[in-house]
Q: 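Dumping the structure here so I can ask a few things about it.
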Number of protein chains: 2
Amino acid sequence: MNAEKIPDIIITRLPVYLRALQHMADHGVKNTSSQELGEHVGISAAQIRKDISQFGEFGKQGTGYSIPYLLDKLREILKVDRLWDVIIVGAGDMGHALARYQGFTDRGFRVVMIFDNDPAKIGQQIGDLVVEDTANLAEKVQSSDIKIAMLTIPATVAQETTDKLVKAGIKAVLNYAPISLNVPNDVKVQYIDPATHLQKMTYYL
Amino acid sequence: MNAEKIPDIIITRLPVYLRALQHMADHGVKNTSSQELGEHVGISAAQIRKDISQFGEFGKQGTGYSIPYLLDKLREILKVDRLWDVIIVGAGDMGHALARYQGFTDRGFRVVMIFDNDPAKIGQQIGDLVVEDTANLAEKVQSSDIKIAMLTIPATVAQETTDKLVKAGIKAVLNYAPISLNVPNDVKVQYIDPATHLQKMTYYL
DNA sequence: TAGATTGTTAATCGATTAACAATC
DNA sequence: TAGATTGTTAATCGATTAACAATC
């Protein structure tokens, strides 16, 4: 593992490689090359080799990469060789969908709590979870040492809720609210806003 | 409007500017500067000026940008000065959530159909829509000249469904399935995969 | 061995930033 | 007028690609 700073754009691509490799592994494929992986994810072979080589020499000349080995390494690098507890804030349609989503567990995440401030929703059962009162958010997050939150609340309350989460120790926010969030440097935010994504594509239509 | 090719990375930022400006406008703000807008979205003032100036001279020295005017221009550039019909393929939890999402209309999109191949779901009412049979997908898309689809189906069938959509004339796919899609050059894909987004952030934890 | 493919270097390409004349 | 802020140029910084020696 390299001690120098790895460019953020490389970190963005690693989960994509990981996903493609998991897919290949699921289909019983044992080895791959930068060429083949590149075709899968739409990235040049040279770039894939360069990206991966930032972290070590995981391939072999002549034969490429062992998929199980590279999977292990990527999971270790991305720290998803463990199971992270995450919370959902906002028990609307999107919060529901995420709470019931089956795709988290085998990729390193487990939804452990869901919150809402609507009395009609508090106490409601969603999958294995029971909707809790947002009033208890800070306390629960702090006492269970949770670092990751998914935000599925209206944009109007997204910033103030984020401030509370940050104070409670959250370091990573996956924000579904259509608004840019202000956070300290040591807190990461990723944005998922379908309209924003669609608006990028209409430019080309 | 400039005839030269605009870098894709600039197009990616425009919807973010648009969203922030709409937010300001909703709060009654009439003017802004590259400085102020930059603080809102976490991008340098120089970059914002450079991005916007690719498309024309929309600002005024000394006073900055008129928000209503810049909104108009950005909507025009991104082609969301109109209402695009979009379809949802997959009526699971995520498809449900998107079908009922209120945030599309005032940002240029209208969900007009939702499809599923599960007989138990076909005919079901979701908001104003009735779930239709995926078997009729190609025909319906073609006859109504729809260009945009959101994919909320399992990864296992995402590629074959995409192939059908592309054949039917779809040019933009917002893919919620956790898999990379292969499409012709003139078709755009955007990816929304919560696990991938989370995995990027765990690297920094 | 011959063929394939890595890891890495150097060259190229593209994006961001700093700075400032122009001007509202 | 004085202050503010744009649009743009040039400089810097960073990312991608091409090429190839090393080696499995």
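What you see is a predicted model, and the numbers here were worked out from it, not measured in a lab. In the text below, chain A, chain B and the rest are named by the order of the sequence lines, each starting its count at 1.
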Q: Holding to side-chain contact (heavy atoms from CB on, under 4.5 Å), I want the full list of residues that pass it with Thr156(A), two or more places apart in sequence or in another chain.
A: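 Thr156(A) satisfies side-chain contact (heavy atoms from CB on, under 4.5 Å) with Pro154(A) only.
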
Q: What orientation do Tyr101(B) and Phe104(B) show, parallel under 30°, tilted 30 to 60°, or perpendicular over 60°?
A: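 Judged by the thresholds at 30° and 60°, the geometry between Tyr101(B) and Phe104(B) is perpendicular.
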
Q: Could you give the side-chain donor-acceptor pairs of residues 87-94 of chain B under 3.5 Å, partners two or more places apart or in another chain?
A:
{"unit_1": "Asp93(B)", "atom_1": "OD1", "unit_2": "Arg100(A)", "atom_2": "NE", "d": "3.3"}
{"unit_1": "Asp93(B)", "atom_1": "OD2", "unit_2": "Arg100(A)", "atom_2": "NE", "d": "2.9"}

Q: Is there a side-chain contact between Asp85(B) and Arg110(B), using heavy atoms and a 4.5 Å cut-off?
A: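 Heavy-atom side-chain distance check passes, below 4.5 Å.
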
Q: Residues of residues 17-50 of chain B with any non-hydrogen atom less than 4.0 angstrom from an atom of DNA chain D: list those, numerically ordered, please.
A: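 By residue number: Ser33(B), Ser34(B), Arg49(B), Lys50(B).
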
Q: With ring-ring contact (aromatic ring centres under 6.0 Å, His included) as the rule and sequence neighbours excluded, what pairs involving residues 165-202 of chain A come up?
A: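 The answer is none; no pair qualifies.
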
Q: Could you tell me whether Phe58(B) and Phe55(B) have their ring centroids closer than 6.0 angstrom?
A: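 No, too far apart.
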
Q: Identify, with sequence neighbours excluded, every residue that meets salt bridge (Lys or Arg N to Asp or Glu O under 4.0 Å) alongside Arg82(B).
A: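 Partners of Arg82(B) by the salt bridge (Lys or Arg N to Asp or Glu O under 4.0 Å) criterion come out as none, since no residue qualifies.
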
Q: Counting runs of three or more consecutive pairs, Watson-Crick or G-U wobble, with each distance below 3.5 Å, where are the stems of DNA chain C?
A: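 C:3-24 with D:3-24 - these are the stems of 3 or more pairs that involve DNA chain C.
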
Q: Check side-chain contact (heavy atoms from CB on, under 4.5 Å) between Asn117(B) and all other residues, then give those that pass, not counting sequence neighbours.
A: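 Testing Asn117(B) for side-chain contact (heavy atoms from CB on, under 4.5 Å), a comparison that skips the adjacent residues, returns Thr134(B).
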
Q: Which donor-acceptor pairs under 3.5 Å do the side chains of residues 162-169 of chain B make with protein atoms, sequence neighbours left out?
A:
{"unit_1": "Thr162(B)", "atom_1": "OG1", "unit_2": "Ala158(B)", "atom_2": "O", "d": "2.6"}
{"unit_1": "Asp163(B)", "atom_1": "OD1", "unit_2": "Gln159(B)", "atom_2": "NE2", "d": "2.8"}

Q: When you list every nucleotide of DNA chain C with an atom under 4.0 Å from a heavy atom of chain A, which one comes first 5' to 3', and which comes last?
A: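 Listing 5' to 3', DNA chain C meets chain A from dA4(C) to dT9(C).
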
Q: What residues in residues 57-64 of chain A put a non-hydrogen atom under 4.0 Å from any atom of DNA chain D?
A: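 Contacts with DNA chain D under 4.0 Å: Lys60(A), Gln61(A), Gly62(A).
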
Q: Whether the Tyr69(B) and Asn31(B) side chains hold a donor-acceptor pair (N or O, under 3.5 Å, no angle test) is what I'd like checked.
A: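 The answer is no; no qualifying pair exists.
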
Q: With Thr63(A), which residues qualify under side-chain contact (heavy atoms from CB on, under 4.5 Å), at least two apart?
A: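 Thr63(A) satisfies side-chain contact (heavy atoms from CB on, under 4.5 Å) with Lys60(A) once adjacent residues are dropped.
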
Q: Under 3.5 Å, which donor-acceptor pairs do the side chains of residues 181-188 of chain B form with other protein atoms, sequence neighbours left out?
A:
{"unit_1": "Asp186(B)", "atom_1": "OD2", "unit_2": "Lys171(B)", "atom_2": "NZ", "d": "2.7"}

